[in-house]
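All remarks here apply to the structure that follows.
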Amino acid sequence: MSLPFDTAAIPAERLPELLGIMPKAELHMHIEGSLEPELIFALAQRNGVTIPYASVEELRKAYAFTNLQSFLDIYYAGASVLLTEQDFYDMAWAYLQRAAADNVRRAEMFFDPQTHTERGVSMATVIGGLHRACVDAKTALGVDAALILCFLRHLSEESAFETLEQALPFRDQFIGVGLDSSEVGHPPEKFARVFARCRELGLHLVAHAGEEGPPAYVWSALDVLKVERIDHGVQSTKDPALMKRLAADRIPLTVCPLSNLKLCVFPQLSQHNLGQLLDAGLIATVNSDDPAYFGGYMNENFLQTFAATGLDAKQAWQLAANSFEGSFADVAAKKQWRDELAHCFASFR
Ligand code: HPA
Ligand code: ZN
């Protein structure tokens, strides 16, 4: 594609500034993964919940992960402080303020209702607080925010169906469903029927696949669940036929570089395959996943990844353009953000 500006004229030393100011969409973040240790402690105190860490510092020290499961254990413990509608609002509002500061124009936020309903917190409490923050973000922050309900794949399909049933009274307050939690041993096809039902309901469909799991899980997310995007998907480079399929069908991959680093999916950020995914023509995007746990929000993911891998200004534009294209926003909003992105690059001196 020919661009309406000359990215070669942007010197490498100015790239960090451009990465920060360029408008972008975040398509893969778990709102419970935005709970900073300070907020976990504040909410624990407010709600009289005890957590097995003596201080903010001690909790932060526990954030040394070896794989996905070692993270999930702490992530679910952190989420246990959330009880009231206001807690969910405060958590989402804190994230949306940070997103706005990183020039995120569109945020599609995952939430894990089963983590809360299993503790006796109602679906109305969870969705009510999160949705209120989304509404306020539009007017107060200029961030277009939407919710995607995730099923926990380590639980049963029956539990997913129950969760969907509980969420349907709030159908107009979330735009789609996803699949997250422990990947290996819980292939997408375990949720074939519940995803088929969600498809009938007109919900958007996404799934985590190929984070730690094999390319076969990406294939079955596409062919069995019929998802529109793959969350992570970085293992796809192991399967050339899958790479061709993802490129041909323009399936966005919501890649999370700092998450991959912290969960040891790649030993070093310099070895991340984001550049390879872009070179293969895939609609790859950059996202923060669980920013409070993995060391950074959107701009930090862009800055560290570009510094480590040597991606250039043209790839920065491509990633931001991909993020808008891959979003579930309406056509008019996408066009407005694309124009704003072009203007940002064209006027950058
Ligand atoms: N992978 C799977 N499940 C998750 C993640 C993740 O990176 N973050 C929160 N739940
Ligand atoms: Zn994720």
Side-chain angles (χ1 to χ4, degrees), residues 25-36 40 62-80 82 88 91-92 95 99 107-116 118 126 130 146-155 159-160 163 176-188 190-191 204-214 217-218 221 225 227-236 252-266 272 274 284-298 301 305 323 326:
E26 171 142 66
L27 307 180
H28 181 165
M29 71 83 54
H30 304 260
I31 196 60
E32 293 90 348
S34 74
L35 266 183
E36 292 286 342
I40 290 178
Y63 294 1
F65 312 116
T66 51
N67 57 22
L68 175 59
Q69 193 60 50
S70 67
F71 153 71
L72 289 171
D73 294 341
I74 290 189
Y75 164 83
Y76 295 128
S80 71
L82 296 159
F88 287 90
M91 169 173 68
Y95 162 71
E108 298 184 4
M109 298 149 41
F110 294 137
F111 68 109
D112 288 342
Q114 286 151 300
T115 302
H116 314 299
E118 284 200 328
V126 176
L130 298 178
L147 297 170
I148 296 177
L149 182 159
C150 278
F151 302 116
L152 298 180
R153 67 201 304 158
H154 69 274
L155 300 179
S159 173
T163 302
V177 298
L179 189 62
D180 66 1
S181 190
S182 320
E183 184 182 11
V184 175
H186 301 284
K190 180 175 165 187
F191 297 91
H204 285 294
L205 308 179
V206 300
H208 283 53
E211 178 183 15
E212 290 182 339
Y217 286 17
V218 179
L225 301 188
V227 300
E228 299 159 80
R229 294 196 302 240
I230 295 289
D231 295 313
H232 292 294
V234 291
Q235 302 299 333
S236 303
L253 255 50
T254 62
V255 176
C256 306
L258 288 180
S259 165
N260 293 155
L261 178 68
K262 291 288 152 64
L263 300 187
C264 308
V265 173
F266 295 92
H272 200 285
L274 179 61
T285 62
V286 167
N287 305 271
S288 72
D289 208 4
D290 300 281
Y293 291 91
F294 299 148
Y297 290 76
M298 279 294 267
N301 270 273
T305 304
S323 74

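This is a predicted model, so every value here is computed, not measured. Both counts, for ligands and for their atoms, begin at 1 and track the order of listing. Each residue takes its place number in the sequence, starting with 1.
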query: Counting only N and O atoms by type, is there a donor-acceptor contact under 3.5 Å from the side chain of Thr285 to the main-chain atoms of Leu253?
result: yes

task: Quick one: closest heavy-atom pair of Leu274 and Val286, and the distance?
output: CD2-CG2, 3.7 Å

The Zn ion (ligand 2) neighbourhood, protein N/O/S only, threshold under 2.8 Å: His28 NE2, His30 NE2, His208 NE2, Asp289 OD1

Within the protein, residues bringing a heavy atom under 4.0 Å of ligand 1, chain by chain: His30, Leu68, Phe71, Leu72, Tyr75, Asp180, Ser181, His208, Glu211, His232, Asp289, Asp290

- prompt: In Å, rounded to the nearest 0.5 Å, how long is the span from CD of Glu183 to CG of Asp231?
  reply: 10.5 Å

- prompt: Checking Glu212 side chain against Leu68 main chain: does a donor-acceptor pair fall under 3.5 Å?
  reply: yes

- prompt: Taking atom CD of Glu26 and atom OH of Tyr297, what is their separation to the nearest 0.5 Å?
  reply: 10.0 Å

query: Between Tyr63 and Asp290, do the side chains contain an N or O donor and an N or O acceptor separated by less than 3.5 Å?
result: no

- request: Verify the distance criterion only: is there a donor paired with an acceptor across the side chains of Tyr76 and Glu118 at less than 3.5 Å?
  value: no

- prompt: Going by atom types only, do Glu32 and His116 share a side-chain donor-acceptor pair under 3.5 Å?
  reply: yes

query: Will you find, in the side chains of Gln114 and Ser159, an N or O donor that is under 3.5 Å from an N or O acceptor?
result: yes

